[in-house]
Trainee: 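Structure incoming, see below.
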Amino acid sequence: MNTDDPELALLRAEDRVLEIQTKLHRWARDDPHRQFGDLFNLVTDPAFLLVAWDRVRSNKGARTAGVDGRTALSIVLRVGVEEFLDGLRASLKDRSFRPLPVRERMIPKPGGKLRRLGIATITDRVVQASVKLVLEPIFEADFLPCSYGFVRHEVRGIEGGGRPSRCIVAAM
């Protein structure tokens with residue numbers, strides 16, 4: 001998404017992502033047994049990566065570094081967003097991308113106990129966000145309008161030995 005105006009590039013990217021998400025959702029809704037192949041190209045699409053970057057960057061957690069010590073701000077100031085996303089896309093396309101371990105911190109829970117918090121690198125969060133942008137409209141088609149979540153023991157289809165109805169064909 002090369003352009004001189006970053007805001008215009010983001011608007012165009014958001015429009016493209018929404019258009020593709022709408023198609024994915026429609027296809028998933030119209031054919032519950034449809035198999036989706038070649039989604040990897042969408043994950044690595046420059047528009048999807050730019051929208052994913054924007055979501056990660058605008059999140060409060062963008063100020064927190066993972067094990068690599070990088071924050072969204074440090075990427076903007078030292079590398080540049082376009083170069084960062086171009087490098088990330090290249091490493092995804094040539095299959096050299098490897099997620100890094102999460103940085104773990106102990107945070108307090110109510111009652112004085114502590115729990116582990118895993119902090120992924122900014123790069124890993126952008127990839128996760130891009131994957132979510134691709135997969136969410138497909139799986140959302142399987143939910144009822146009144147579905148907002150579930151309790152673990154209510155997931156009989158999977159825990160009861162059944163198979164989920166949606167199949168994603170890995171193209172890796």
Trainee: Within the structure provided, determine whether T71 and R63 are in side-chain contact (heavy-atom separation under 4.5 Å).
Mentor: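 SC-SC contact between T71 and R63 ruled out.
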Trainee: Between K23 and E19, is there a side-chain heavy-atom distance shorter than 4.5 Å?
Mentor: yes
Trainee: Would you say V17 and L50 make side-chain contact, with heavy atoms under 4.5 Å?
Mentor: no
Trainee: How about I75 and R57: do any of their side-chain heavy atoms sit closer than 4.5 Å?
Mentor: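 With C-beta onward as the side chain, the pair stays apart.
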Trainee: Hey, does F84 have a side-chain heavy atom less than 4.5 Å from the side chain of V76?
Mentor: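 Result no, sub-4.5 Å side-chain heavy-atom pair not found.
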Trainee: What are the two closest non-hydrogen atoms of D94 and S96, and how far apart are they?
Mentor: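 Smallest heavy-atom distance, with atoms named: OD1-OG, 2.5 Å.
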Trainee: Hydrophobic clusters here meaning ILVMFWY residues chained together by side-chain heavy-atom distances under 4.5 Å, can you tell me if W27 and V43 are in one?
Mentor: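 W27 and V43: one cluster.
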Trainee: Could you check whether any side-chain heavy atom of F36 comes within less than 4.5 Å of a side-chain heavy atom of L135, counting everything from C-beta outward?
Mentor: no
Trainee: Side chain of S58, backbone of D54: donor and acceptor closer than 3.5 Å?
Mentor: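 Yes, because the side chain of S58 sits within donor-acceptor range (under 3.5 Å) of the backbone of D54.
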Trainee: Measure the CG-CH2 distance between L88 and W53 for me, rounded to the nearest 0.5 Å.
Mentor: 10.5 Å
Trainee: Output the distance between atom OG (S130) and atom CG (L39), rounded to the nearest 0.5 Å.
Mentor: 11.0 Å
Trainee: Quick check against the 3.5 Å criterion: does T44 have a side-chain atom that pairs as donor or acceptor with the backbone of K93?
Mentor: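 No.
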Trainee: Are F97 and V79 connected, step by step, through hydrophobic side chains (Ile, Leu, Val, Met, Phe, Trp, Tyr) whose heavy atoms are closer than 4.5 Å?
Mentor: yes
Trainee: Salt bridge between R12 and D15, side-chain N to carboxylate O under 4.0 Å?
Mentor: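 No salt bridge links R12 with D15.
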Trainee: Kindly compute the distance separating OG1 (T64) from CD1 (I119), expressed to the nearest 0.5 Å.
Mentor: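 CD1 of I119 is found 5.5 Å from OG1 of T64.
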Trainee: Once salt bridge (Lys or Arg N to Asp or Glu O under 4.0 Å) is applied, what residue pairs with a partner in residues 117-138 remain, sequence neighbours excluded?
Mentor: K132-E136
Trainee: Of all heavy-atom pairs between V51 and L133, which one has the smallest distance, and what is that distance?
Mentor: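 Closest heavy-atom pair between V51 and L133: CG1-CD1, 3.8 Å.
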Trainee: Please give me the minimum heavy-atom distance between A129 and A52, naming the atom from each residue.
Mentor: CB-CB, 3.6 Å
Trainee: What is the minimum heavy-atom distance between A62 and I122, and which atoms define it?
Mentor: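 In terms of heavy atoms, the two residues are closest at O-CD1, 3.9 Å.
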Trainee: Using a 4.5 Å cut-off between side-chain heavy atoms of Ile, Leu, Val, Met, Phe, Trp and Tyr, which other residues end up in the same hydrophobic cluster as L18?
Mentor: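 Other cluster members: none.
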Trainee: Measuring from atom NE2 of H25 to atom CG of D30, what distance do you get when rounded to the nearest 0.5 angstrom?
Mentor: 9.5 Å
Trainee: How close do N41 and D38 get, counting heavy atoms only, and between which atoms?
Mentor: ND2-OD1, 2.9 Å
Trainee: Would you give the length of the straight line joining atom CG of L42 to atom CZ of F48, rounded to the nearest 0.5 angstrom?
Mentor: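 One gets 5.0 Å once the value is rounded to the nearest 0.5 Å.
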Trainee: Considering non-hydrogen atoms only, spot the tightest contact between R29 and P32 and give its length.
Mentor: O-CD, 4.2 Å
Trainee: Between side-chain atoms of residues 98-112 and protein atoms elsewhere (two or more places apart, or another chain), which donor-acceptor pairs fall under 3.5 Å?
Mentor:
unit_1: R98; atom_1: NH1; unit_2: R95; atom_2: O; d: 2.9
unit_1: R103; atom_1: NH1; unit_2: A65; atom_2: O; d: 2.5
unit_1: E104; atom_1: OE1; unit_2: R116; atom_2: NH1; d: 3.2

Trainee: Salt-bridged, D45 to R89, with N to O below 4.0 Å?
Mentor: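 No salt bridge links D45 with R89.
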